[in-house]
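Predicted model only: the values in this text are computed from it and were never measured.
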Amino acid sequence: MTPIERIRNVAIIAHIDHGKTTLVDSIFRAAHVFRDNARVKERVMDNNELERERGITIRSKHCTVEWNGYLINIVDTPGHADFSGEVERVLSMVDSVLLLVDANEGPMPQTRYVLMRALRLGLRPIVIVNKVDRPRATPARALDETFDLFVELGASDEQCDFPVLYGSGLNGWLVNDLETEPHEGMDALFTTIIENVPAPAGDPDAPFLMQVSTIGWDDHLGRTGTGRVLQGRLRKGQILNRVQTQWVDGPHDLTPEAGLAEKHAKDWEITGVSPVKSAYLWLTRGLESVIVEEAGAGDILTLAGPKELSIGDTLTAAELEDQALPPLDIEEPTVSMMFLINNGPFAGQEGDAVTLRQIRARLEREIRTNVALRIEEANQGTGIKVSGRGELHIAILIEEMRREGMELCVSSPEIITHRDENGKVLEPIEELVVDVPMDFQGVVMEKLSKRKAELVNMHNEGSGTVRLEFRIPTRGLIGYRGEFLTDTRGLGIMASRFIGYDTWKGSVGERSRGSMVSMETGEATAYSLENLQQRGTLFISAMTTVYEGMIIGEYSRPTDLPCKPTKRKALTNHRAAGKDHSAGLDVPRTMTLDAALEWIAPDELVEVTPKSIRVRKALLDANDRKREDRKRAAAG
């Protein structure tokens, strides 16, 4: 085992797309984790297919590098706000953080959140101003804004006196001084970590103590738990106590602003103590998990053996019967969707037409490791309500199920509300930061004001770009991203994070355009689609097979348009008065899973199969929809 004084545990935190995983690639190369002639993929830590496709980190992972006799455990964390709760939990395993800030964009919403959590836990961050070689990069301004953010978040004098590195994670160099040092190598990073990150605090000779920060699942071994060994040693096969805890009054706060430092011992209690066995132990070396016989204080350990493990469980030596640590917060869901069986006419043609029982079994497997997810039965057993941190959080799960060959239907996202002590309805609120060219500032502010957004701050970023900061209800952002990209011609950047709950903001404008709904089943023709494209935007092309109730496009008016996309040109012996011409069809709008979930109305569904994403009405028959409309009108 490595002596505890030669161990360093750090996490890399940043806003999405600021270069965390790319930096880890350069750290691996500098530390010679792989052979010099080995072929290594980019973003090697993103080993999930979805992570590589989307270019984001979905689940935190840790690796280990050795440098000059020191063992450095590095945790790569997600940057998207939907996975922010996982970032908070893994911070309990480290002694410092590498805070990455884009030299062009500066601190963004998720930067603020993860930094706040690190400061609340008493960590002293190391700031890395990344991407300094990009056009329009302003490292000095990015550093000034980062320092202002430290002060605003109440950082101590010691935390504000943070070390700073500049460089390019993509090109593999970091330096302390941009002007005088050569732009090559990562030695400055390793030296800064060794000198500024404290060794783990813990007595290697004390009884074993560890808290589970993340959980996993192995089909052969069952539940696994990962956390930092706080003190003592653990040997394979040793009997431990699993101590379960919970907050006394349920979730401590409806906002993410409350840190563990503000919680007191009276707020939580021990709910159970049970003996468990540590059957298998793993430590990371490079990217690989290595089975070991023993682990000691300071190590980031993964173990298997206990049949049940939960986030925040305390594992102790047998002689420590009632010693426990405060529970770790599991983020509360803010958005829910209904998962339904695919009852369309094409069910089973492109994948497995699963039953509700099979969907439920798949979701139950998911919540073994995806602790921020909630599932519950709804609608008299016709569907399952799935709740998560945001649209992306649930969309990732849907995409994984789709790639496993499953077919299902998904409803439009709905926000989850709470009530305060006086019975007032509270809804989730997000902080939204928008960077747009000044020419599009007016249209963005107009559209967001209709969605109940409140402008908090505005300042000129230079080069013709303005940054707008809003507070907006979560439901105001549903369906807005595509509209935003259209309004700004793809030049705008928007990012948001959940900041808490506030009173209901009133009605938010719904989708201003209706749907083109097919009245027939068959193959769409170019002749029919050429006429329909003059009334809106098509989602399908000629020769696409459609069915009754399927939505084939967006109508230019607020109401729905029943249509016949399979209509063919009549063949007669008479020549038409006009000159014959071939149909000229525009390129249809491609409905990805994310775009479809944002676009659909409450009475519509997204049909998900391994090969297709279709949009349809919940009730396929037109007469059933009219009957339902009359019922709603009569009810009020």
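A142 and T146 get closest at one heavy-atom pair: O-OG1, 2.7 Å. Looking at every heavy atom in both residues, V127 comes nearest to F162 through CG2-CD1, 3.4 Å. Summarising the geometry of I429 relative to Y501, their closest heavy-atom pair is CG1-C, 4.3 Å, with the distance given to 0.1 Å. For S387 against S336, the heavy-atom pair with the smallest separation is OG-CB, 3.4 Å.
A distance below 6.0 Å separates the ring centres of F539 and W599.
We find that E554 and R589 are joined by a salt bridge, their nearest charged nitrogen and carboxylate oxygen being less than 4.0 Å apart. Between E430 and R471, no side-chain nitrogen of the basic residue sits less than 4.0 Å from a carboxylate oxygen of the acidic one, so the salt-bridge criterion is not met. A salt bridge does not link E105 to R134: none of the charged side-chain nitrogens sits closer than 4.0 Å to a carboxylate oxygen. In summary, R124 and D95 do not engage in a salt bridge, as defined by a charged side-chain N under 4.0 Å from a carboxylate O. Ion pairing between a basic and an acidic side chain is recognised when a charged N comes within 4.0 Å of a carboxylate O; E400 and R403 show no such pairing.
Judged purely by atom type and a 3.5 angstrom limit, E604 uses its side chain to pair as donor or acceptor with the backbone of A601.
For the residue pair T334/T474, the side-chain donor-acceptor check at 3.5 Å is not satisfied. Defined by atom type and a distance below 3.5 Å, a donor-acceptor pair is missing between the side-chain atoms of H183 and D133. Side chains of N73 and T64: a donor on one and an acceptor on the other come within 3.5 Å. Using a 3.5 Å distance cut-off with no hydrogens or angles, the side chains of T417 and E427 do not pair a donor with an acceptor. Using modelled atom types, one finds no donor on one side chain facing an acceptor on the other under 3.5 Å when comparing N130 with D102.
The shortest distance between side-chain heavy atoms of F470 and E454 does not fall below 4.5 Å. Counting heavy atoms from C-beta on, the side chains of M516 and L538 come closer than 4.5 Å. Residues L477 and L432 form a side-chain contact, since some pair of their non-hydrogen atoms from C-beta on lies under 4.5 Å apart.
Between Y480 and F484, the ring planes lie tilted relative to each other; the angle falls in the 30° to 60° range.
Other residues, nucleotides and ligands contribute more than 12 heavy atoms inside 6.0 Å of the CZ atom of F440.
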